[in-house]
Structures are given as structure tokens and as C-alpha cells.
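Hydrogens, waters and symmetry mates are skipped; everything else that's a heavy atom, side chains included, is used.
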Amino acid sequence: MCGIIGYIGKRNPVEILIEGLKKLEYRGYDSAGIALKGNDIEVIKSVGKISNLEDKINNSNIIDSNIGIAHTRWATHGEPTEINAHPHTIGNITLVHNGIIENAKELKEKLQNKGIKFNTSTDTEVVAALIDYYYKGNTKEAIEKAIKELKGSYALAIINKDEDKLYAVRCESPLILGIGEEEYFVTSDIGAILPYTKNYVLLGENEIVTLSKDNYIIEKDDTKVFRKVEISNLSIEDTSLNGYDHYMMKEINEEPILVDNLVKKYINNIDKLPDLKKYKNIHIVGCGSAYYAGMIGKYLFEDDGIKVECDVASEYRYRNIIYDKDTLVILISQSGETADTIAAMRKANDSQVDTLAIVNVESSTIERESTYSVLIEAGKEIAVATTKAFILQVLILSLLSYKINPDDKYKEDIKKLPQQLKVLLDKTGFYKKLADSIYKHEDVFFMGRKVDYAISMEGSLKLKEVSYIHSDSYQAGELKHGTISLVNEGTIVFAIVTDDEIRDKTISNLEEVISRGAKPIYVGNVDVNYEDKIIIPKVHKKLQPILAVPPLQMIAYFVALKRGCDIDKPKNLAKSVTVE
Ligand code: G6P
């Protein structure tokens, strides 16, 4: 993972790089660093959040410069220490890296045999050493030779202490070139440079861009490459807190309007969405919450009479999948850049079956390489724990299911969703009170059957990732086959009960845990006689999850707030997981 940004132009880059890193912090936040190129190169690094690096810079006399590179890290090779933080320097070359070099060990041994000394245990330092090894007066040529030997993924921003230039190259990890007025940027994400420019160029794999203050050249294997300048439709407001204390809360509150936008776009123009009726098998693949959205999709499409398998991408990519010819593989990914989901997509593409991407980021790898794609149009999602993107992924799946099996009740109900969501989200006092009764617990369980199980998986994930409370979710009928032994007096058990067909069964399972001391929190669309309950409106079955999940997102938020957690950047996590 990691986030990188580089600048060359007329300004001092420090503020641009630091503010950019703050926008990239969602990509990792173990440690951060910056390198400035003036008469010499100055490198400043620090462990922890960007604010630590900022304090360090504010307390030092930094050199005059117009060129710089910076990095926020999610450690893969080497612990998150200051010495392992990027940028890394060997000889003339200083660089930052996002990705994993899989053959770093062999390359390192080869370079060590040639007498090159290393200071860290990172794979990135090996790249710096390799480029420096090939550097004989032409940096671009050295980069070209070095990347031919690299195996794995990389986005690199590189400076040479003897040149007023900035170089960048990518393979599998994202990197774009930002084009300002007499200034250029390279970054993992356009969001980091939006205050300065919306114009950007997507760099193809292994294309090397050489930037000087007044021009840029993109080359691959010594041939110039011309790439279209794109204009981002993101605005700075998309990346600001807009008065909220946390992005997570801001993003949950965007759900009604974003749902409304998608409903208006598709409900009377359902032809704009792909037709899934022609497929006999559907595989749905994703990671984390995207996988749970996929599980909801599985129940929807199965009810439509299609055979569905749902897998986490890291398993799917290595399983021996037997593809029938009428198979569609749906890839769900907010970022469109999750390494395992990309690999799953390529596996399906290589097997000549159709792929459909449900993604948020336009022009992301998954969006570009899939046979079909649908954008969820969530705008920028910054909180590491996904909320609005999850809801919109489910909405698209639900609309696809409606297209297979249309009915009037659905059409009626879907229009009511935005208002119903708004009412649900406005009950903040209620969620806070529930959170008060949860936040001191160290174990919480969730349960549900069928689609309610998928909903409970997402509720449980949300709670544990932001509040660090241990939480697990079980199929309601399965809890008694082991886990029930963990239920003690007062253990909180959420029961998700929205599916009419299995309501009584789940309630019976809830009673089993209550009789062993559990304190239930019921989440359902039929009122019941439990003390703690979240009653959601009863809507068409294909839409029910869209109303059941937001209250669970709210509870996770308020529990995390009570526990003083870093809500938008939970420990050890990163939003865009571009490594296996
Ligand atoms: C990370 C995030 C999750 C997300 C998952 C998949 O683990 O923390 O919130 O669901 O990656 O990301 P994607 O961008 O593929 O949806």
C-alpha cells in the first residue's frame, strides 16, 4: 500500500507534500518521510502519523528547494521504524515506493556481492541501490534497466542529487501525473493534488515519466508515449470534513443523497445496467466489506434463480475454478485497485468469461480491465472503514437483481429509501445510548440467517475495525455448535432479523443465547418485545439490507468514539490494499 507524492515546479514543495500526504494517509500511516532537492538532498522521516513528520519539519531549518518527494507508509518489508521509513537513498538516487518487490532478496544479494552496503531491511532500498548501480550519467536509462529486473508491484518517484528533475514509473501500483501551471505532480491519488490542479495523465505500466520544471516526457523502451490529459470531476469539498469531526460520520450522512442520485439515474433507465439474465452462473468476488456486499448479492441473485458463488478474492485467485461458459464474474471494489481483486479479475479474463466491475473509482485498474463496469458514484471515500461505498455497492447489486426480476413494489419502495435512510441516520441520540451500553465490552457477537447473516458480517466487521472490540458474526443456527460457550452473563449479541422466511428461526436462536445470559440487541423490521432494538422500515426484500446496515455503521462509530479510537484511521489498517 502506502501513498506517494512528488512535486517539481516554482514553489517550495514542503506544504504541498505535507498536505498531500495528509490526503494519502488513508493508504497507510505507520511512518512518513519527505526528501527535498536543493543544492543537496535533505531527507526527514518520522514514525507514526503525518502530524509527527510535520512537527519535525517545523522544528528544523530545511533547505531551499523546488523539487520534492514524500511517502506515507503501510509496512510490508521491515518494521515501521524511522530508518525503514521512505524516502531511501543509495548513492545518487533517492526514492519513494508503493508496492512490494518480490525478488528483493535475490537482488539484494546480487548487489551486496558487488560491494553495495544496505542500511535497512526494506525492499525499497534495493530498488534505490539497483537504479544507482545502473546510473552512469543517465537516470532514465538506469531506471529502465532496473525495472526490467524487478518482480512485483511498484509506483516510484525518484530524484537524483545531481539533477533538477523528478522521475516516476509504475507497475501494478497506481500513480498519476498531475499537470499544473508551470508545475507537475506525481501521486498515488488525485485527491492529494486537487487544490492545485484537476488535470492529470494516467501512466501506463512501466512508462517512465521525466519531469523538469517546464515540461514532461513519457517514454517506454526509448519510445515517446502520448497520453491524453484527463480532467478529474472531484472537488476539494469531496475531500474536506465539511463540519463533521470524522470522515466516517460525514460519509455515513452522505448515504441518503447518494442513494437518491443512483436511484434517479437507474430506476427508470434500467437498460443502462448490464443484463445478468443471460448468465447461468455468477461468481462474486471482493475483499473485506466488498465481499460482504457480494454475499448480499449472492442471496439476491439466488432468489432470481441464478447459481451464485461468492468468494474472498485472496482465495478465489488461487482456487481451481471450473468455469462454465455462461459464467459472469462480478468484481466488487471501492478503490478498483485491491491487489487480490485485480488478480481475481485477471484470472477470469484469462479464462475468457465475462467480468463486471462494481467500483467507485473511474479509470481504476478493475474498472478499465473488466468487460463491463458500473460506477457506484460514491464520491471520494476517505475513512478507512467503508460506509457509503458499501451501501452503494449493495444498491447496484439490488438494481441488477431488479433488472432480472422486475416488480412494481420494488419500484415504489426504492424511491422511499433516501428519506427512510435520512430518518434512520438522524437518530444519533439513540445510537449514542446504545453505544454507551456496548463500549465497555470486550466481546460482541452478531448473528443472522441468509441475507441477515451477510448483514451481520458487515455490522461485526465495522464494529471491530473501528472500535477494536473483538466481534464475530455467526449464522444464527451455527452459534450453538461451539461459539455459544463464549456467551456469558451480559454478553452482547446482535440479532439481525429482516427476512420474513426465517424470522422465527433466528428469534429461536436468539432465545437460546438469551437463556444463557446474553443481552440481545435486535435489529429487525418487525417490532418485538426486547429492551434494546433497532426497528427499521419494512421494504421490498431486495432493498432491506440498505436500511439494516447504516444503524450498525452508526453504532460502530459511536462505540469507537466512546473508546477514544482513531476512527478514520484504525490501527494496522489501510484503505487501499494494493499488496497481496
Ligand atoms: C480494505 C478496507 C475495507 C475494504 C477492503 C476492500 O481492507 O479497509 O474497507 O472493504 O479493503 O477494498 P476495495 O477498495 O477493494 O473495496
Side-chain angles (χ1 to χ4, degrees), residues 255 259 276 282-304 306-316 330-334 341 358 376 385-402 404 417 421 444-465 471-479 483 493-503 505-507 509-510 521-525 534 536 538-556:
E255 288 167 2
V259 166
L276 272 46
I282 295 179
H283 298 175
I284 311 181
V285 186
C287 298
S289 295
Y291 166 65
Y292 297 137
M295 271 174 70
I296 292 175
K298 173 182 159 81
Y299 293 109
L300 297 177
F301 299 139
E302 277 180 351
D303 283 350
D304 295 325
I306 302 181
K307 211 165 109 197
V308 189
E309 285 181 41
C310 183
D311 248 298
V312 287
S314 52
E315 291 293 313
Y316 187 88
I330 301 181
L331 293 312
I332 305 180
S333 173
Q334 187 282 129
T341 316
I358 299 179
I376 59 167
T386 181
T387 52
K388 60 177 180 174
F390 175 86
I391 295 298
L392 297 171
Q393 287 162 352
V394 175
L395 180 62
I396 291 293
L397 290 162
S398 165
L399 283 160
L400 288 166
S401 164
Y402 164 74
I404 302 171
L417 277 186
L421 274 170
V444 171
F445 295 102
F446 284 71
M447 66 177 183
R449 283 171 183 255
K450 294 170 67 188
V451 79
D452 290 334
Y453 171 57
I455 295 168
S456 74
M457 290 296 284
E458 176 59 9
S460 168
L461 176 64
K462 218 62 345 175
L463 182 68
K464 73 182 127 198
E465 66 183 338
S471 158
D472 266 327
S473 172
Y474 289 89
Q475 297 93 338
E478 186 64 16
L479 202 69
T483 313
V493 178
F494 279 84
I496 318 297
V497 199
T498 72
D499 186 334
D500 288 339
E501 284 163 30
I502 38 78
R503 167 167 302 106
K505 305 276 176 202
T506 310
I507 300 270
N509 297 135
L510 184 58
I521 300 181
Y522 168 93
V523 182
N525 50 9
I534 301 170
I536 57 170
K538 193 161 175 23
V539 289
H540 192 286
K541 198 175 171 190
K542 289 186 198 298
L543 296 168
Q544 202 65 73
I546 296 169
L547 294 178
V549 172
L552 302 176
Q553 297 172 339
M554 279 290 198
I555 289 172

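- Taking a cutoff of 4.0 Å between a charged side-chain nitrogen and a carboxylate oxygen, Lys541 and Glu501 qualify as a salt bridge.
- Residues Tyr402 and Leu543 have side chains not in contact (no heavy-atom distance under 4.5 Å, counting atoms from C-beta outward).
- Across all non-hydrogen atoms, the minimal contact from Asn509 to Gly477 is OD1-N, 3.6 Å.
- Side-chain atoms of Tyr292 and Val394, non-hydrogen and from C-beta on, never get closer than 4.5 Å to each other.
- Across Ala293 and Ile332, no two heavy atoms sit closer than the pair C-CD1, 4.3 Å.
- Of the inter-residue distances, the one linking Arg503 atom CZ with Arg449 atom CZ reads 13.5 Å to the nearest 0.5 angstrom.
- Here the straight-line distance linking atom CD1 of Ile404 with atom CG of Leu399 works out to 11.5 Å at 0.5 Å rounding.
- Looking only at side-chain heavy atoms (C-beta outward), Val523 and Pro551 stay at 4.5 Å or farther from each other.
- To the nearest 0.5 Å, atoms CD1 (Ile296) and CD1 (Ile455) are separated by 5.5 Å.
- What you find for Tyr453 and Gly448 is that their closest heavy atoms are CB-O, 3.3 Å.
- Summarising the local packing, CD of Glu315 is surrounded by 12 or fewer heavy atoms from other residues, nucleotides or ligands at distances under 6.0 Å.
- Looking at heavy atoms from C-beta onward, Ile282 lies in side-chain contact with Leu276 at the 4.5 angstrom threshold.
- Atoms CD1 and CZ, from Ile555 and Phe494 in turn, are 4.5 Å apart once rounded to the nearest 0.5 Å.
- Taking CG from Leu392 and OG1 from Thr387, the interatomic distance works out to 9.5 Å, rounded to the nearest 0.5 Å.
- Side chains of Asp452 and Thr498: a donor-acceptor N/O pair is present below 3.5 angstrom, by distance only.
- Between Ile496 and Leu552, the closest side-chain pair of non-hydrogen atoms falls below 4.5 Å.
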* Hey, mind stepping through Lys464 and Val444 against side chain to side chain contact (heavy atoms under 4.5 Å, CB included) and telling me if it holds? -> CA-CA 9 Å; Lys464 73 182 127 198; Val444 171; over 6 Å; no
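- Between Glu478 and Met447 the shortest side-chain heavy-atom distance does not fall below 4.5 Å.
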* Asked: Taking it one step at a time, do Val539 and Leu547 satisfy side chain to side chain contact (heavy atoms under 4.5 Å, CB included)?
  -> CA-CA 9 Å; Val539 289; Leu547 294 178; 3.8 Å; yes
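- Between Thr341 and Val285, the shortest heavy-atom contact is CG2-O, 4.2 Å.
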* To do: Might you work through the side chain to side chain contact (heavy atoms under 4.5 Å, CB included) test for Ile376 and Ile358, ending with a clear yes or no?
  => CA-CA 7 Å; Ile376 59 167; Ile358 299 179; 3.6 Å; yes
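- With hydrogens and angles ignored, the 3.5 Å screen pairs no side-chain donor or acceptor of Glu309 with any backbone N or O of His283.
- Lys462 has its side chain within reach of Ser289: a pair of non-hydrogen atoms, C-beta onward, lies under 4.5 Å apart.
- Nearest heavy atoms, Tyr291 versus Cys310: CE1-SG, 3.6 Å.
- Of the inter-residue distances, the one linking Ser471 atom OG with Glu465 atom CD reads 10.5 Å to the nearest 0.5 angstrom.
- Here the closest heavy-atom approach between residue Leu421 and residue Pro550 is recorded as CD2-CG, 3.6 Å.
- With salt bridges taken as basic N to acidic carboxylate O contacts below 4.0 Å, one links Asp500 and Lys538.
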* Steps toward side chain to side chain contact (heavy atoms under 4.5 Å, CB included) verdict (Lys450, Ile502) -> CA-CA 8 Å; Lys450 294 170 67 188; Ile502 38 78; 4.1 Å; yes
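- A salt bridge between Asp304 and Lys542 is present, with a side-chain N of the basic residue lying under 4.0 Å from a carboxylate O of the acidic one.
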